[in-house]
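These notes are about the structure you will find just below.
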Amino acid sequence: MEVVSLSNNDSMKQSMWNFVFNDIADPRTSSWFLVGNPLPVLAILISYLYFVLKWGPNFMKDRKAYSLKRPIMIYNMFQVIFNIYLCYKGSEMWRTYNWICQPIDYSNSPFALATAWSCYLYFINKITDLMDTIFFTLRKKTSQVTFLHLFHHTLMPVISWIMVKYIPGGQITFAGFLNTFVHIILYGYYFLSSCGPEVQKYLGWKKYITRLQLVQFILVFIHSCQILFVDCGFPKWTLIITLPNATFFYFLFSDFYKNNYTTPKSANKVHVKSK
């Protein structure tokens with residue numbers, strides 16, 4: 001009886017696995033690299049967190065920080081080009097986009113497949129974003145590896161994987177398009193900053209990037225809420241992801257802005273002296 005019970009449990013687990021990751025998933029994207037099974041993505045994220053929180057700091061403890069100027073410049077330029085391409089593909093999708101409620105086209109038409117592929121490339125871009133923290137660790141910039149940074153970089157690959165796996169298109173692409181636009185400016189700033197002091201002295205607009213990110217979260221929240229009142233077939237369960245995510249990120253980035261750009265200079269001096 002015990003053997004039969006264990007066999008039944010295994011069968012139920014397998015059936016649940018197949019239901020969640022096969023039956024209700026989009027069959028068009030399931031065979032794509034890193035999409036079919038969640039375990040490789042989880043392995044990447046666990047390895048990432050282990051490196052930046054444990055192994056990396058221990059490895060660098062008695063070593064001199066790496067400069068990595070050239071690799072970082074190449075990486076930032078790559079990210080700018082990648083996000084420009086994603087933004088361009090997003091603008092193509094918006095030619096027929098319904099700004100109030102956009103359903104998902106699950107067909108195999110060229111346009112529907114191109115939309116799904118763009119969502120997939122967005123997911124891949126969230127994986128390449130992880131290199132930011134790797135560079136921080138190797139350069140011993142541990143002060144930049146904050147909770148906000150880690151939370152954002154860990155959660156975005158998960159959310160974008162869910163998008164590609166189940167909802168590659170439709171209403172949610174609005175958030176992706178805005179995000180790629182913001183990242184063009186963000187990585188453009190990082191690229192210029194990596195060019196050295198002769199360029200850095202002209203970069204007094206970093207705080208405006210954070211303001212732009214805050215506007216992004218507000219727009220995503222408002223846009224997502226529209227499917228509460230208009231039904232075009234786009235799944236409402238996605239609000240469980242988009243609304244808390246936009247809200248939480250807004251408050252985290254708002255707190256970052258206040259701490260870095262609105263604290264009185266006198267208070268900053270006191271804080272520095274107290275270290």
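Since the structure is predicted, the reported quantities are computational estimates derived from the model, not experimental observations.
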Might you point out which heavy atoms bring [X] and [Y] nearest each other, and give the distance in Å?
X      : Y      : value
Asp105 : Ser109 : OD2-OG, 3.7 Å
Ser67  : Ile72  : O-CD1, 4.2 Å
Ala65  : Met60  : CA-CE, 4.0 Å

Plane angle bin for [Y] and [X] - parallel if under 30°, tilted between 30 and 60°, otherwise perpendicular:
X      : Y      : value
Phe151 : Phe147 : parallel
Tyr261 : Tyr257 : tilted
Phe174 : His223 : parallel
Tyr85  : Tyr88  : tilted
Tyr166 : Trp237 : perpendicular

Ring-ring centroid check [X] [Y], cutoff 6.0 Å:
X      : Y      : value
Phe82  : His183 : no
Phe221 : Tyr250 : no
Tyr120 : Trp32  : yes

Is it true that the side chains of [X] and [Y] contain a donor and an acceptor less than 3.5 Å apart?
X      : Y      : value
Tyr189 : Asn76  : no
Gln171 : Thr238 : no
Thr133 : Tyr48  : yes
Gln14  : Asn18  : yes

Those residues that, when tested against Lys141, pass salt bridge (Lys or Arg N to Asp or Glu O under 4.0 Å) (two or more places apart):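 Per chain and number, Lys141 pairs via salt bridge (Lys or Arg N to Asp or Glu O under 4.0 Å) with no residue.
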Partners of Cys232 by disulfide (SG to SG under 2.5 Å), sequence neighbours excluded?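 With sequence neighbours excluded, Cys232 shows a disulfide (SG to SG under 2.5 Å) to Cys101, given in chain and number order.
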Between the side chain of Thr173 and the main-chain N/O of Gly169, is any donor-acceptor distance below 3.5 Å?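 No: the side chain of Thr173 does not pair with the backbone of Gly169.
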All side-chain hydrogen bond (donor to acceptor under 3.5 Å, both in side chains) counterparts of His153, not counting sequence neighbours: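 Checked His153 against side-chain hydrogen bond (donor to acceptor under 3.5 Å, both in side chains); matches are Asp132.
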Taking 4.0 angstrom as the limit, do Asp129 and Lys126 come out as a salt bridge?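 Yes.
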For Phe136, I'd like to know if atom CZ has over 12 heavy atoms of other residues, nucleotides or ligands within 6.0 Å.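 Count over threshold, so yes.
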Let's go through Val220 and Leu178 carefully: what are the C-alpha distance in whole Å and the side-chain angles of both, what is the deciding distance for side chain to side chain contact (heavy atoms under 4.5 Å, CB included) to 0.1 Å, and is it a yes or a no? CA-CA 8 Å; Val220 168; Leu178 281 185; 4.2 Å; yes
